[in-house]
Each structure stands twice: as structure tokens, then as C-alpha cells.
Amino acid sequence: MSQLYIYNTLSRTKEVFAPINPPFVGMYVCGPTVYNDVHLGNCRTFVSFDLIYRYLLFSGYKVRYVRNITDAGHLEGDRDEGDDKFTKRARLEQLEPMEIVQKYTLGFHDVMKVLNTLPPSIEPTATGHICEQLEMIKTILEAGYAYIVNGSVYFDVERFSSVFDYGALTNRKREELFENTRELHGQDEKRGRLDFALWIKAKPETLMQWPSPWGWGFPGWHIECSAMSKKYLGETFDIHGGGMDLQATHHTNEIAQSKACCKDEPVKYWMHTNMLTVNGTRMSKSAGNGFLPQELFSGTHALLEKAYHPMTVRFFMLQTHYRSTLDFSNDALQASEKGLQRLWNAVNALSKIKPGKQHHNSIDQLDTMCKAAMNDDFNSPVLIATLFEHTALINAAAEGKAELSQDNLNTLKHVYNQYMVEVLGLTPQALKTEYSRALQSAMNLLLQIRTDAKTQRHFELSDHIRKNLEAGGIRIQDHKDGSTWDVM
RNA sequence: GGUCCUGUGGCCGAGUGGCUAGGCUGAGCUCUGCAAAAGCUCCUACAGCGGUUCGAAUCCGCUCGGGACCUCCA
């Protein structure tokens with residue numbers, strides 16, 4: 001594919017990507033609610049959109065990537081009453097709500113950084129955009145798609161769906177939607193079963209609240225994304241993304257709010273990333289099967305046999321297409337770790353190969369093939385497979401068992417570097433090449449002693465050195481022209 | 001109950017109506033003092049049952065299994 005195709009949830013097909021105002025692209029991704037630690041499932045979504053962001057940049061687009069931080073509101077349960085998540089957590093940890101926000105925002109940023117995701121262009125917070133949300137709610141009220149009850153404002157889904165298609169994103173018919181929702185509780189302030197809160201009246205003890213035309217309160221969960229995407233990307237923009245779990249409720253309601261406010265379809269391409277599962281079941285905090293990234297990097301989780309490098313985790317995620325579920329297991333991580341190592345070995349070997357006479361025409365197509373993979377709805381698994389397909393040849397050439405022309409070598413170096421580093425965002429594990437001078441001189445001495453022992457066929461000594469170093473995490477490998485070492 | 005997705009070799013995972021993805025694991029060989037690494041070779045699958053087709057794992061139907069959403073969740 002020479003053009004970029006994106007699977008659009010709205011149409012349920014792959015569509016040619018045509019930005020509204022090229023070369024500019026506006027992309028909004030729903031970020032985390034920072035009331036506790038992000039788990040690996042959350043991370044997967046952001047790694048997926050990082051891949052998408054990187055490839056759009058790589059393709060020459062000028063992308064404004066907006067990813068919000070939800071730091072206010074967000075009630076637990078479906079009743080639009082009770083405490084918000086931040087107030088609850090603040091009570092639990094005996095902190096200010098904004099301390100909770102700060103703590104988990106920093107934690108989120110740390111994890112994003114070690115996973116080598118690029119920071120978004122703008123990372124707006126809900127609390128920083130109360131005014132914009134209030135303005136939007138006012139507009140929706142004026143348009144007649146919302147109503148006020150006791151200081152709270154609710155969106156009138158029934159009224160909205162008499163004019164617009166409310167269930168478009170999930171392909172649901174109006175009747176189905178209204179039939180298949182649960183009963184309203186007797187004392188509920190909402191008129192309709194599907195109605196949702198735009199603004200919620202605060203109780204006196206609510207810790208985070210703001211003044212509004214309807215009294216003190218806080219925003220409903222969905223309105224922040226509508227308000228902030230409109231502010232930074234406009235009333236209509238190119239891409240809106242998030243996890244699939246947000247599709248039915250959050251994104252459906254976002255579309256409703258934006259249309260009620262601005263009439264037009266707010267987003268051209270809706271993109272949804274699939275879930276991370278453990279033993280086939282979705283990872284979620286409530287199910288108690290959530291992994292913290294730190295548990296992976298340190299290897300302290302019960303399901304893991306060892307620690308895994310963040311780049312291994314990233315590679316593991318990218319080996320599955322973003323719209324497929326990804327099942328998490330120790331074996332799968334192990335396979336990714338070895339595979340990634342194999343790719344890096346090939347990349348490193350490239351710099352050592354001397355150009356030969358034989359030219360492989362297949363390598364001329366490598367860049368085209370990599371592009372084709374990514375143009376097909378960001379198919380990173382196929383991209384990775386394409387990269388793997390040449391590792392055997394590269395390794396053979398490095399051992400003098402095959403030849404690669406100068407052109408071949410140039411192409412391979414260029415393509416591997418571009419796609420491994422720029423597109424996939426895999427950083428070479430620098431740890432393995434930068435050692436202290438002290439360690440280097442000690443190792444040089446040891447290797448010299450060992451080489452001498454080998455020359456004199458004192459294999460007990462040479463094997464003793466290798467075996468004991470290995471037990472300490474240093475691996476020695478013998479080659480035709482000497483020995484090398486690295487830290488495992 | 002409704003909406004929808006999915007079922008690929010020991011494991012993880014792409015994909016197309018006809019030409020064995022790829023990775024990991026396992027076995028054999030080459031190289032090697034031995035290891036390791038690397039190369040080569042082998043193990044060749046598409047849940048089941050029907051149908052459409054010259055031909056289907058790929059399209060359609062049914063059956064069985066798994067999952068998501070419909071309620072806070074990336």
C-alpha cells in the first residue's frame with residue numbers, strides 16, 4: 001500500500017487517510033485518570049498511539065498530538081452521585097486531591113518515558129479547563145440538549161437522538177439502546193435512562209468543586225474531552241483515539257456533546273486500541289489482574305519468572321496489531337526478549353560487514369515493504385516480520401558466509417535504523433556497550449589470561465573463568481579472531 | 001437478553017480466495033578444544049460440520065468454544 005489506510009470505527013472499514021488540512025494532523029487521545037497507578041493495559045494504549053504518532057511524523061505530517069490528563073470529577077459507578085475518584089483516593093491516602101493528581105501524573109510520565117513514548121504536543125488537564133467546559137455546557141443547554149435539576153446538568157439523549165444518530169459509533173439502533181439499558185433508580189434526577197451528567201452538584205464536603213451558573217459543582221467525565229479537543233484541535237479534527245472500552249460510552253457521549261454544541265461531526269477518524277488480557281481476560285484493576293509496569297521491570301510479579309527490560313515490553317506490545325487483543329504471559333515476553341535481541345544483533349553486525357560483490361535485489365524492496373506494512377493500518381507485526389526476514393542474511397554476511405553489496409549495506413543500515421528507532425521507538429540498549437573504564441581494564445586482563453590459557457590448552461582454567469563470570473552475569477563468547485564479553 | 005469481535009502449528013502472533021508470514025521453543029547438521037553465538041535443515045497449522053467456487057484457513061450458513069461492550073475503566 002502506497003497510501004496510508006486507517007481503520008475507522010465509525011465506518012468499520014479501512015479508509016484512505018486524508019487529513020482535513022494537510023500536512024497538518026490533529027490527533028486527540030484519551031489519557032489516564034490519575035487517581036492511581038497506571039497498569040500495563042493502560043500503557044498498551046499509549047504505546048499503540050505512540051506508534052501511530054511516530055509513523056504519522058515519519059510520513060511527513062505535522063501532527064498536533066493532544067492527550068489529556070483527567071484530574072477531576074469521574075464518579076465511581078453509574079449513578080452520577082457520591083464522591084469522585086480523587087476525593088475518595090485523597091481520603092484513603094490522607095492527601096490533598098491535587099497531591100493525588102500530582103503523584104500519579106508523575107508516575108504516569110515516568111512510565112511513559114521508560115517505554116520510550118514521545119510526549120504529546122499538549123497535555124491538557126480537566127481542572128485547567130473548567131471555564132471551557134462550562135462554556136460548552138451553556139451552549140448545549142441553549143441548544144436544548146440538556147436540562148438542569150437541583151444544580152446538576154444532564155445531557156438529554158432522547159432529545160439528541162431525535163435529531164442525530166446517537167449510537168453511530170457502536171452501530172446501535174436507537175430502539176436497541178433505549179431498550180437495553182438498565183432501569184432508572186427511583187430517586188434518580190435523570191429523565192432518561194441514557195442521560196449522563198455534564199455538571200454535577202457538589203456536596204459541601206466534596207473536596208474538588210468550582211462555581212458555576214448552577215451552583216458549586218464539578219464537571220461530568222465526558223465533557224472535558226469535548227471541550228479540550230475543541231479548544232486545541234478545533235470543532236472538527238482528524239483523529240480521535242482511545243481504548244476500546246471507551247468506545248460505547250465515553251466516545252459516544254463525546255460525539256453527542258460536540259454535535260449538540262457545534263452540529264458537525266467532530267472527528268473524521270475514530271481509532272480504538274484493543275485490550276491487554278491475562279489468560280484471556282481483560283486486565284483491569286477491579287478484576288485484580290493488573291500488572292504495574294514496575295513489577296515487570298523488576299520481575300517481582302508472581303506470574304513472572306524474571307525481570308524484563310522496558311524495551312522488551314514495548315517490543316512485545318508492538319508484535320501484536322493494535323486492534324487485536326494481546327495476551328500477556330511470561331512465555332510470550334521471553335520470546336519477545338530473544339527476538340528483540342536477535343534484531344539488535346543483526347543491526348550491530350551491519351556495521352562490521354565489509355561490502356562484497358553480490359547484490360541482493362530483494363533488499364532494494366525493503367523500504368517499500370516496511371512502508372506497505374505500516375500503511376496498512378499501522379501493521380507493526382508485519383513490519384517487524386519484514387525486518388526479521390533479513391536477519392539471517394545479515395548474520396551470514398557478518399560471518400563471511402554471504403555477501404552484501406555496498407548498496408545493500410547502505411539500504412539495510414538506513415532502513416533498520418529508521419524503522420527500529422524512529423518508527424517502532426526501540427532504543428538500543430545502551431547499557432550493554434558503556435561500561436566503566438575500571439571494568440573494561442579488568443575484563444581485558446581476564447580475557448588476556450584466558451586467551452593465554454587457551455593457547456596453552458589449559459582448558460580447565462579458561463572454562464573456569466568463563467563459567468564463573470557467567471554466574472556473575474558476564475558472558476564470554478569465543479570467535480575465530482578472539483573473545484568478546486558482554487553483560488547479560 | 002442485546003450489540004459486536006474472535007477461534008491459526010508446542011507457544012506467541014500476521015495474512016491473502018490459488019504461490020508454506022515472522023518470532024520463540026524442540027530435533028538434526030555445520031562451525032568449534034568445549035560452550036555460546038551464527039548459518040542450514042526438519043516439525044507445515046488454520047475449531048467442527050455443511051455450502052458457494054475449477055480452487056477456501058481466507059466468502060456464506062449452522063454448531064461448539066473464547067472474549068469485549070451494553071455500568072467506572074486504556
* To do: Scan every strand shown for a Watson-Crick or G-U wobble partner of B:rG1, both distances under 3.5 Å, and answer none if you come up empty.
  => B:rC70
* Touch check for A:Gly167, heavy atoms < 4.0 angstrom, all strands: base, sugar-phosphate only, or nothing? -> nothing
* To do: Quick one: label A:Arg466 by what it contacts on the DNA or RNA (base, sugar-phosphate, nothing), any heavy atom closer than 4.0 Å.
  => base
* Using a 4.0 Å heavy-atom cut-off across all strands, classify A:Asp327 as base, sugar-phosphate, or nothing. => sugar-phosphate
* Structure fact -> Rounded to whole Å, the CD-C1' distance (A:Glu389 to B:rU20) equals 13 Å
* To do: In whole angstrom, give me the gap between the C1' atoms of B:rU52 and B:rG17.
  => 12 Å
* Using the rule for Phe, Tyr, His and the six-membered ring of Trp, do A:Phe388 and B:rG23 stack at under 5.5 Å and under 30°? -> no
* Quick one: does A:Asp463 reach the base of B:rG33 with a side-chain donor-acceptor pair under 3.5 Å? -> yes
* Hey, does A:Ile476 reach any base, or is it just sugar-phosphate, or nothing, if we go heavy atoms under 4.0 Å? -> base
* To do: Please determine, for the side chain of A:Ser324, which listed nucleotide (B:rA14, B:rG39, B:rA21) has the closest atom?
  => B:rA14
* How far, in whole Å, is B:rG10 from B:rA45 if one measures between their C1' atoms? -> 12 Å
* To do: Hey, which sits more toward the 5' end of RNA chain B by its nearest nucleotide, A:Thr277 or A:Thr170?
  => A:Thr170
* To do: Using a cut-off of strictly less than 4.0 Å, decide whether A:Ser284 has a side-chain nitrogen or oxygen near OP1 or OP2 of B:rA74.
  => no
* Whom does B:rC49 pair with, Watson-Crick or G-U wobble, provided both distances fall under 3.5 Å? -> B:rG61
* When the P atoms of B:rG7 and B:rG13 are considered, how many whole Å apart are they? -> 11 Å
* Measure from CE on A:Met420 to P on B:rG23 and round the result to the nearest Å. => 14 Å
* Residue A:His39, side-chain heavy atoms: nucleotide from B:rA74, B:rA14, B:rA36 that is nearest -> B:rA74
* To do: Find the distance A:Leu333:CG to B:rC11:C1' and express it as a whole number of Å.
  => 13 Å
* To do: Could you tell me whether A:Arg323 sits above the aromatic face of A:Tyr7, with NZ or CZ closer than 6.0 angstrom to the six-membered ring centre and within 45 degrees of the axis?
  => yes
* Asked: Taking A:Thr484 for the side chain and A:Ile476 for the main chain, is one N or O donor matched with an acceptor at less than 3.5 Å?
  -> no
* To do: If B:rG9 has a Watson-Crick or G-U wobble mate with both distances under 3.5 Å, name it; if not, just say none.
  => none
* Does atom NZ of A:Lys413 have more than 12 heavy-atom neighbours, drawn from other residues, nucleotides or ligands, at distances under 6.0 Å? -> yes
* Is there a side-chain contact between A:Arg450 and A:Leu446 (heavy atoms, below 4.5 Å)? -> no
* Asked: Taking only N and O in the side chain of A:Lys338, is any of them less than 4.0 Å away from OP1 or OP2 of B:rU25?
  -> yes
* Taking the side chain from A:Arg44 and the backbone from A:Asn274, do they hold a donor-acceptor pair closer than 3.5 Å? -> yes
* Determine the Euclidean distance between corresponding P atoms of B:rC54 and B:rC49; express it in Å to zero decimal places. => 23 Å
* Rounded off to whole Å, could you give me the CZ-to-C1' distance for the A:Phe315 and B:rA14 pair? => 13 Å
* To do: Grab the CG-P distance between A:Leu169 and B:rC69 for me, whole Å please.
  => 15 Å
* Please report, rounded to the nearest Å, how far the C1' atom of B:rA36 is from the CD1 atom of A:Ile474. => 15 Å
* **Span that lies between the C1' atom of B:rC46 and that of B:rA57, in whole angstrom** => 4 Å
* Separation of atom CG in A:Asn379 from atom C1' in B:rG15, rounded to whole Å -> 8 Å
* Asked: Under 4.0 angstrom, heavy atoms only, what part of the nucleic acid is A:Leu387 near: base, sugar-phosphate, or nothing?
  -> nothing
* To do: Starting from P on B:rU30, measure out to CG on A:Asn395 and report it in whole angstrom.
  => 20 Å
* To do: Tell me what A:Ser329 touches on the nucleic acid: a base, only sugar-phosphate, or nothing, going by heavy atoms under 4.0 Å.
  => nothing
* Give one of base, sugar-phosphate or nothing for A:Thr320, where a contact means two heavy atoms less than 4.0 Å apart. => sugar-phosphate
* **A:Tyr308 and A:Phe316 aromatic centres sub-6.0 Å** => no
* Asked: Touch check for A:Ser462, heavy atoms < 4.0 angstrom, all strands: base, sugar-phosphate only, or nothing?
  -> base
* Asked: What integer number of Å spans the C1' atoms of B:rU6 and B:rA47?
  -> 11 Å
* To do: Could you tell me whether the side chain of A:Asp245 has a donor or acceptor atom within less than 3.5 Å of a complementary atom in the base of B:rC72?
  => no
* Asked: Are the charged groups of A:Arg475 and A:Glu470 less than 4.0 angstrom apart, N to O?
  -> no
* Asked: Is it true that a side-chain atom of A:Asn8 and a backbone atom of A:Thr13 form a donor plus acceptor pair closer than 3.5 Å?
  -> no
* Asked: Whom does B:rC31 pair with, Watson-Crick or G-U wobble, provided both distances fall under 3.5 Å?
  -> none
* Take A:Thr386 and A:Leu326, find for each the nucleotide of RNA chain B with the closest heavy atom, and name the residue whose nucleotide sits nearer the 5' end. => A:Leu326
* For the side chain of A:Tyr322 and the backbone of A:Phe49, is there at least one donor-acceptor N/O pair under 3.5 Å apart? -> no
* Asked: Is the phosphate of B:rC70, meaning OP1 or OP2, less than 4.0 Å from a side-chain N or O of A:Thr249?
  -> yes
* Tell me what A:Met275 touches on the nucleic acid: a base, only sugar-phosphate, or nothing, going by heavy atoms under 4.0 Å. => base
* Structure fact -> Quick note, A:Ala332 side chain, CB onward, closest among B:rC24, B:rA35, B:rC12 is B:rC12
* To do: Would you mind classifying the nucleic acid contact of A:Gly41 as base, sugar-phosphate or nothing, using non-hydrogen atoms under 4.0 angstrom?
  => base
* Structure fact -> Under a 3.5 Å limit on both distances, the Watson-Crick or wobble mate of B:rA56 is none
* Asked: Donor-acceptor pair under 3.5 Å: do we get one between A:Arg282's side chain and the base of B:rA68?
  -> no
